[in-house]
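Fair warning: this is a prediction, and the values are worked out from it, not measured in the lab. Atom set for the values below is all heavy atoms of this structure, side chains included, hydrogens, waters and symmetry mates excluded.
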Amino acid sequence: KQMLAPVLIALAAIALPTAASAQAPDANAAYLQKNAKKKGVVTLPGLQYEIVKSGPADGVPPKLSDDVTVHYEGKLVDGTIFDSSFAKGEPVTFPLRPLIPGWGTALRLMRPGDEWIISVPAEMAYGAAGVGPIPAGSVLIFRIQLISHKPTPKPASLSRTAAPPS
C-alpha cells in the first residue's frame, strides 16, 4: 500500500470547491499577525500553536520516523474547511516524515492525548504552488488530536533469496 507524501494530497479530491478561490496574501499575513497576539498562542519560527487539551505529562512525542494516528480538521483563514477526519468519524494514520513541514514540527512536540490548533504559514505547507483546492500561498489552520504513534514498519526486502544448491 503506497502512502502519499503530504497529508493533504490524499485529501484534495474531497475538499470543498470554494477553497479553490485565491487567498489574498495580505489576509494570510493579517491572520498570522492577529493570531500571534491571542492569549495562549505559542509562536515558533514560522509556526503558531495553541494547546486545546494536554495528554498525560509522561507521554512521549513521536519521532520523525514514526507513524502517527490523528484526528484532524484543516481549514483556510477564511474558515473554509477542506478536510476533516472528525467529520468522517474515523482517525487516520500517516508516516510522519513525508507530511508537510508544519505538521512534522508540531507533531514532534505533541504527546498522545494532546489536541492543538496549529497555524501553518505557506512556507511550511505548500508554498507558492498550492495543492488541489488549497490556493498558492495559503496559511493552513489545523486542529490536530494526536491519538498514538508507533515506529513506521520497514518495507519488505526486495532482494531475492538465493536458490538452494543443487
Verify same cluster id: Val92, Phe82 (apolar side-chain graph, 4.5 Å) = yes
Donor-acceptor contacts under 3.5 Å from residues 43-60 side chains, at least two apart:
{"residue": "Gln48", "atom": "OE1", "partner": "Asn35", "partner atom": "ND2", "Å": "2.6"}
{"residue": "Gln48", "atom": "NE2", "partner": "Leu32", "partner atom": "O", "Å": "2.9"}

Side-chain donor or acceptor of Thr105 paired with backbone N/O of Pro101 under 3.5 Å | yes
So do the side chains of Thr80 and Pro133 get within less than 4.5 Å of each other, counting heavy atoms only?
-> no
Taken to the nearest 0.5 Å, the spacing of Lys38 NZ from Lys34 NZ works out to 8.5 Å
Any donor-acceptor N or O pair under 3.5 Å, side chains Tyr72, Ser84 = no
Aromatic contact, Trp116 with Phe142 (centres under 6.0 Å) = no
Is the side chain of Asn28 donor-acceptor paired with the backbone N or O of Val139 at a distance under 3.5 Å, no angle test?
-> yes
At their closest point, which heavy atom of Pro98 faces which heavy atom of Pro95, and how far apart are they?
-> CD-O, 3.3 Å
Counterpart residues, side chain to side chain contact (heavy atoms under 4.5 Å, CB included), relative to Ala125 (two or more places apart) | Ile100, Val120, Leu140
Is there side-chain contact between Ile141 and Ile117, with heavy atoms separated by less than 4.5 Å?
-> yes
Is it the case that one hydrophobic cluster holds both Leu109 and Val41, taking links as side-chain heavy atoms less than 4.5 Å apart, direct or via other members?
-> no
Nearest 0.5 Å, what's the OG-OH distance between Ser138 and Tyr31?
-> 13.0 Å
State, to 0.1 Å, how close Ile147 and Pro91 come at their nearest heavy-atom pair, and which atoms those are.
-> CD1-CB, 3.4 Å
What residue pairs, at least two apart or across chains, pass salt bridge (Lys or Arg N to Asp or Glu O under 4.0 Å) with a residue in residues 133-144?
-> Glu115-Arg143
With the side chain counted from C-beta on, respond yes when Pro135 and Leu76 share a heavy-atom pair under 4.5 Å apart, and no when they do not.
-> yes
Do Asp66 side-chain atoms and Val68 backbone N/O form a donor-acceptor pair below 3.5 Å?
-> no
Do Met110 and Leu64 share a hydrophobic cluster (ILVMFWY, side-chain heavy atoms under 4.5 Å, transitive)?
-> yes
Does any N or O in the side chain of Thr152 come within less than 3.5 Å of the main-chain N or O of Ser65, such that one atom is a donor and the other an acceptor?
-> yes
Could you state the interatomic distance from CZ (Phe94) to CG (Leu107), rounded to the nearest 0.5 Å?
-> 10.0 Å
Looking at NZ of Lys63 and NZ of Lys150, how far apart are the two atoms once the value is rounded to the nearest 0.5 Å?
-> 15.0 Å
Smallest heavy-atom separation, Ala136 atom then Ala128 atom, equals CB-O, 2.9 Å
Please collect all salt bridge (Lys or Arg N to Asp or Glu O under 4.0 Å) contacts where either partner lies in residues 125-142, sequence neighbours excluded, each pair once.
-> none
With sequence neighbours left out, the residues meeting salt bridge (Lys or Arg N to Asp or Glu O under 4.0 Å) with Arg111 are Asp114
Hey, what do you get for CH2 (Trp103) to CZ (Arg108), rounding to the nearest 0.5 Å?
-> 14.0 Å
Residue list, side chain to side chain donor-acceptor pair (under 3.5 Å) with Ser85, at least two apart or on another chain = His71
